[in-house]
Amino acid sequence: MTAYASGAAAIDTVARLRVMAAGVRGARVVERVVPAPVERVWALMSDLEGEFGRFQPDMRRVRVVRVAGDRVEAVARSRWGLRARLRGVLRPGWCWLQSRFLIIGMAAAPEPGGGTRVALTGGVRVPGRAAVVPLGAAAELAEAMARLEARLG
Amino acid sequence: MSPVAGEDRGIALARAARAGNTLAMHDLLDHLTPYIARICVPIALADGPDATQEALVAVFRALRGLREPEALYGWVRAIAVREAVRVARRAARAVPAELADVPERGDPQLAADIGDVLARLSPGHRAVLVLRDVEGLDEEAAAAVLGVPAGTAKSRLHRARSSFRKAWFS
């Protein structure tokens with residue numbers, strides 16, 4: 001098992017993301033295989049205070065305020081000036097964050113044929129619910145994926 | 001028998017996840033994955049990871065409809081068995097157990113591990129073995145999970161066990 005497999009060993013992180021999305025009403029998953037090793041891809045995706053804000057379309061600035069084991073807490077400011085306190089989990093190949101108004105899910109796992117399978121989900125959260133506003137969610141994810149691919153060169 | 005350590009925690013997580021907390025849902029996924037894999041892998045064998053994923057998707061999609069979180073494990077077990085049997089059948093590995101198919105003494109395959117014998121049973125036979133001998137259910141409860149009459153579960157179990165006996169002790 002690599003570090004990018006699920007902690008529970010049975011399924012990889014991208015499969016886990018599909019499971020989480022199944023539990024979030026309105027959530028879509030956008031997946032792509034990128035021609036880069038998972039370590040490089042994940043170094044970029046998990047850089048919450050740096051690269052993350054450059055490929056997630058609505059993020060302006062993210063500041064990590066607390067890390068305890070795999071638990072992370074961050075304050076994000078959107079391009080509209082809105083502030084979100086994100087709480088969640090960050091592991092190799094895996095990130096799940098929620099605030100009252102946002103859900104962000106990211107996964108990366110080595111693709112058997114080479115490269116890395118990347119998956120994104122989430123969007124604007126229906127406050128307090130396991131649901132995202134479906135309007136525009138897929139387009140936002142597609143844009144995030146395109147930016148991520150561009151950042152990876 | 002207790003299905004997993006921290007059963008109360010699982011029930012509390014399921015309650016919080018149903019109420020809309022996706023971090024509780026995340027922790028519930030960590031919590032349930034080994035339990036579901038323990039059921040799916042012996043039934044779906046090489047397709048165990050696919051079966052585990054599909055069972056998890058079915059569980060999480062249906063979670064908001066779970067009326068009694070206290071019944072979490074029985075509910076999850078029924079979904080896991082159903083998905084594992086479905087995936088195993090779809091993968092066309094549903095070779096019915098014929099006692100004649102079980103390796104004879106001296107057959108090199110007899111030296112293979114227990115998985116080899118399991119692979120010679122149909123998914124339905126593997127499911128009843130898992131429910132009785134791994135999950136510790138009685139015949140009636142196993143039959144209810146599988147949606148078959150108690151007599152069918154009993155005869156499948158008898159057949160599965162006799163295949164094992166013949167394989168290991170002939």
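It should be emphasised that the depicted structure is a prediction, and the values quoted were computed from it without experimental measurement. Residue numbering restarts at 1 for every chain, and letters A, B, ... go by the order of the sequence lines.
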Visitor: So which part of A:Arg71 gets closer than 4.5 Å to some heavy atom of chain B, the side chain, the backbone, both or neither?
Guide: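 For A:Arg71, the side chain is the part near chain B, not the backbone.
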Visitor: Does a salt bridge link B:Asp30 with A:Arg91, judged by any charged N lying under 4.0 Å from a carboxylate O?
Guide: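 Result for this pair is yes, salt bridge flagged.
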Visitor: Enumerate the ring pair (Phe, Tyr, Trp, His ring centres under 6.0 Å) contacts for residues 143-162 of chain B, please, sequence neighbours excluded, ordered by first and then second residue.
Guide: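 Of all non-adjacent pairs touching residues 143-162 of chain B, none passes ring pair (Phe, Tyr, Trp, His ring centres under 6.0 Å).
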Visitor: Do A:Val38 and A:Val33 belong to the same hydrophobic cluster, where Ile, Leu, Val, Met, Phe, Trp and Tyr are linked whenever their side-chain heavy atoms lie under 4.5 Å apart, directly or via other members?
Guide: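 No, no single cluster joins them.
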Visitor: Examine whether an atom of B:Ala19 lies under 4.5 Å from a heavy atom of chain A, and if so say whether it belongs to the side chain, the backbone or both; otherwise answer neither.
Guide: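 Backbone of B:Ala19 only, per the 4.5 Å heavy-atom cut-off to chain A.
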Visitor: Ignoring hydrogens, what is the shortest heavy-atom contact between B:Ala17 and B:Ala24? Give both atom names and the distance.
Guide: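 Nearest pair, atom of B:Ala17 first, then B:Ala24: N-CB, 3.8 Å.
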Visitor: Please say whether more than 12 non-hydrogen atoms of neighbouring residues, nucleotides or ligands are located less than 6.0 Å from CZ in B:Arg82.
Guide: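 Check passes, neighbour count above 12.
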Visitor: If we define contacts as heavy-atom pairs under 4.5 Å, which of B:Leu23, B:Asp27, B:Thr52 has the most with chain A?
Guide: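 That would be B:Leu23.
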Visitor: Quick one: closest heavy-atom pair of B:Glu7 and B:Tyr73, and the distance?
Guide: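 Result for this residue pair: CG-CE1, 2.9 Å.
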Visitor: Just to be sure I understand the criterion: a residue of residues 138-154 of chain B counts if one of its heavy atoms is under 4.5 Å from a heavy atom of chain A. Which ones qualify?
Guide: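 Expected list: none.
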Visitor: In terms of heavy-atom pairs under 4.5 Å, which option from B:Val41, B:Val57, B:Leu28 contacts chain A the most?
Guide: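 Winner by heavy-atom pair count: B:Val57.
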Visitor: Between chain A and each of B:Glu54, B:His26, B:Met25, B:Arg61, count heavy-atom pairs under 4.5 Å; write down the option with the most.
Guide: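 Of the candidates given, the most pairs with chain A belong to B:His26.
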Visitor: Look at B:Arg161 together with B:Asp133 and state whether they make a salt bridge at an N to O cut-off of under 4.0 Å.
Guide: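 Yes, B:Arg161 and B:Asp133 are salt-bridged.
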Visitor: Which heavy atom of B:Leu137 sits nearest to which heavy atom of B:Arg132, and what is that distance?
Guide: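 Nearest heavy atoms, B:Leu137 then B:Arg132: O-NH1, 2.8 Å.
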Visitor: Using only non-hydrogen atoms and a strict under-4.5 angstrom cutoff, which residues of residues 120-145 of chain A touch chain B?
Guide: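 Result: A:Arg125, A:Gly128, A:Arg129, A:Ala130.
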Visitor: Counting only heavy atoms from other residues, nucleotides and ligands, does the tally under 6.0 Å from CZ of A:Arg63 exceed 12?
Guide: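 No.
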Visitor: Hydrophobic clusters here meaning ILVMFWY residues chained together by side-chain heavy-atom distances under 4.5 Å, can you tell me if A:Leu82 and A:Val65 are in one?
Guide: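 No, it is not one cluster - the side chains of A:Leu82 and A:Val65 are not joined through contacts under 4.5 Å.
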Visitor: Check residues 102-109 of chain A and write down every donor-acceptor pair under 3.5 Å in which the side-chain atom is one partner and the other belongs to a residue at least two apart or another chain.
Guide:
none

Visitor: Report which part of B:Arg64 has an atom under 4.5 Å of a heavy atom belonging to chain A: side chain, backbone, both, or neither.
Guide: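 Just its side chain gets close to chain A.
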Visitor: Name the orientation class of the two ring planes belonging to A:Trp94 and A:Trp96 (parallel below 30°, tilted from 30 to 60°, perpendicular beyond 60°).
Guide: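 A:Trp94 and A:Trp96: parallel rings.
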Visitor: Within a reach of under 6.0 Å around CZ of A:Arg28, are more than 12 heavy atoms found that belong to other residues, nucleotides or ligands?
Guide: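 Incorrect, the count does not exceed 12.
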Visitor: If we define contacts as heavy-atom pairs under 4.5 Å, which of A:Val89, A:Leu97, A:Val24 has the most with chain B?
Guide: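 Result: the option with the highest number of such pairs is A:Val89.
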